[in-house]
There are 2 protein chains.
Amino acid sequence: MIAQLLERLNSLNPMSEELADKIISVTKTIDYPAGTYILKEGQTCTRACMIGKGLARSYYINDDKEITSRFMDEGFIITSWISYYTQKPGNEFIQAVEDCTLLCIDHADIQQVYKEFPEFNIIGRKQTEYAFYQAELRTQMLRKHTAEERYKFFIEQQPSLLQRVSLKHIATYLGMNEETLSRVRSRFHKKHSL
Amino acid sequence: MIAQLLERLNSLNPMSEELADKIISVTKTIDYPAGTYILKEGQTCTRACMIGKGLARSYYINDDKEITSRFMDEGFIITSWISYYTQKPGNEFIQAVEDCTLLCIDHADIQQVYKEFPEFNIIGRKQTEYAFYQAELRTQMLRKHTAEERYKFFIEQQPSLLQRVSLKHIATYLGMNEETLSRVRSRFHKKHSL
DNA sequence: TTTTTTGCTTGACATATGTCAAGAGTTGGA
DNA sequence: TCCAACTCTTGACATATGTCAAGCAAAAAA
């Protein structure tokens, strides 16, 4: 399964054999059964983990309510960025929605690789650029004012998620409650099946 | 004024004299009087520009209404990321709110510098990491459900902007209309002056 | 100066979304 | 198998925010 990670990084910039060996040596493969936590509120995010298999959800608690910040599936590189970047405790939970296999590298090891293999900065830069791009797309969705617009944006961008996560979680991702999502969906699909 | 840019980049990772000279050779200093446009809807964002002096606002039109996506002041490196990353036309306007002096480098030149000076990737990576971090903070604000929470978050994070931009623009930044912001402010400041 | 424009506030009312409660269908465990 | 838990839907009503309109004060223009 580590081949998947190497391929992902290679596609950003070809790695030397030494660099690939180094990555292999610092990567830990860890399984998280559905429902278990990859990161909890109050912890510092000290790793970046690529999802080899499965699907995870990050969320935090605001006013006693869960707010889903993103869904992550195969190939996604998980971090709780604010906590990872600052290396301070954060407020996000990251939970396995399906059984997950993760390929994890410690923050300290990544910094070490940046030093030892300066060309790894190319990969780090491109991955961060891509993650930033994805985050900006999610933010565009959040800025839509009506519930229906946000739902429309969601099914256009990530339709496959509809099959993999509960509507309850999609609702908190889209900034509305479960009942509103249900009503929006019934209106929306009535309108689009005419 | 280019010294400001060099200092900013140096603080991310010290640059060799050759690299600094290269940066100087590809940087263009451009003035934008208040009200003029740095980027318009439909254009591709082909530059990254540090603000040497002044303040700018990016926004786009949704449903005939302006939605402010961010405010940028001294030291901020302006891009319209989705357009810059994809090198395709985007939907954002970037407008000078105050008279601005910008230090601009073309996307193509930046790619060239990445190739010629691999160590510049360290700077690119760190700058992107920081921009991503800032974007995540803005996104946290957007996920607050009530208008008052979003306003509270705003005055905690960027109180100085209150003096520099109109409430109309702050309102569209916070995802509410002008009248709502006015009411939120009067309630909020009454509450906090007791 | 006077006039016009802009920025902000306030009121009355409309509407979208949230809240609370109930119920139907499904899944999973005992 | 039955029961409990969970997911999703629907209804009635409450509330936050949006819309439209008016007005005041300060700034800019004439």
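Heavy atoms only: backbone and side chains are in, while hydrogens, waters and symmetry mates are out. Every chain is numbered from 1 and lettered A, B, ... according to where its sequence line falls, protein lines coming before strand lines.
At least one donor-acceptor pair closer than 3.5 Å links the side chain of A:R150 to the backbone N or O of A:H145. Counting only distance, with no hydrogens or angles, the side chain of A:R8 and the backbone of A:G75 share a donor-acceptor pair below 3.5 Å. Judged purely by atom type and a 3.5 angstrom limit, A:S16 uses its side chain to pair as donor or acceptor with the backbone of A:L19.
Of all nucleotides in DNA chain D having an atom under 4.0 Å from a heavy atom of chain B, the first and last in 5' to 3' order are D:dT17 to D:dA21.
A donor and an acceptor atom, one from each side chain of B:E136 and B:Q140, are nowhere located under 3.5 Å apart. B:Y173 and B:R70 share no donor-acceptor pair across their side chains, judged by distance under 3.5 Å alone. A side-chain N or O of B:E92 and one of B:S69 form a donor-acceptor pair less than 3.5 Å apart.
No more than 12 heavy atoms of other residues, nucleotides or ligands lie within 6.0 Å of OH in A:Y133, so this atom counts as exposed by the packing criterion.
Scanning all heavy atoms of the two residues, the minimum distance from B:Y151 to B:R185 falls at OH-NH1, 3.0 Å. When every heavy atom of B:K88 is checked against every heavy atom of B:T44, the shortest pair comes out as C-OG1, 3.3 Å.
Counting only residues at least two apart or on different chains, no ring-ring contact (aromatic ring centres under 6.0 Å, His included) pair has a member in residues 8-28 of chain B.
Cation-pi check for A:R125 over B:Y114 is met; the charged atom lies under 6.0 angstrom from the ring centroid and within 45 degrees of its normal.
In the helix from C:dT1-D:dA30 to C:dA30-D:dT1, the rotation axis of the first five pairs and that of the last five pairs differ in direction by 40°, rounded to 10 degrees.
Contact check of residues 54-72 of chain A against DNA chain C (heavy atom, cut-off under 4.0 Å) returns A:K65. Contacts between residues 153-185 of chain A and DNA chain C, defined by a heavy-atom separation below 4.0 Å, involve A:G175, A:M176, A:N177, A:E179, A:T180, A:R183, listed by number.
The hydrophobic cluster around B:I67 extends to B:Y60, counting ILVMFWY residues whose side-chain heavy atoms fall within less than 4.5 Å of a member.
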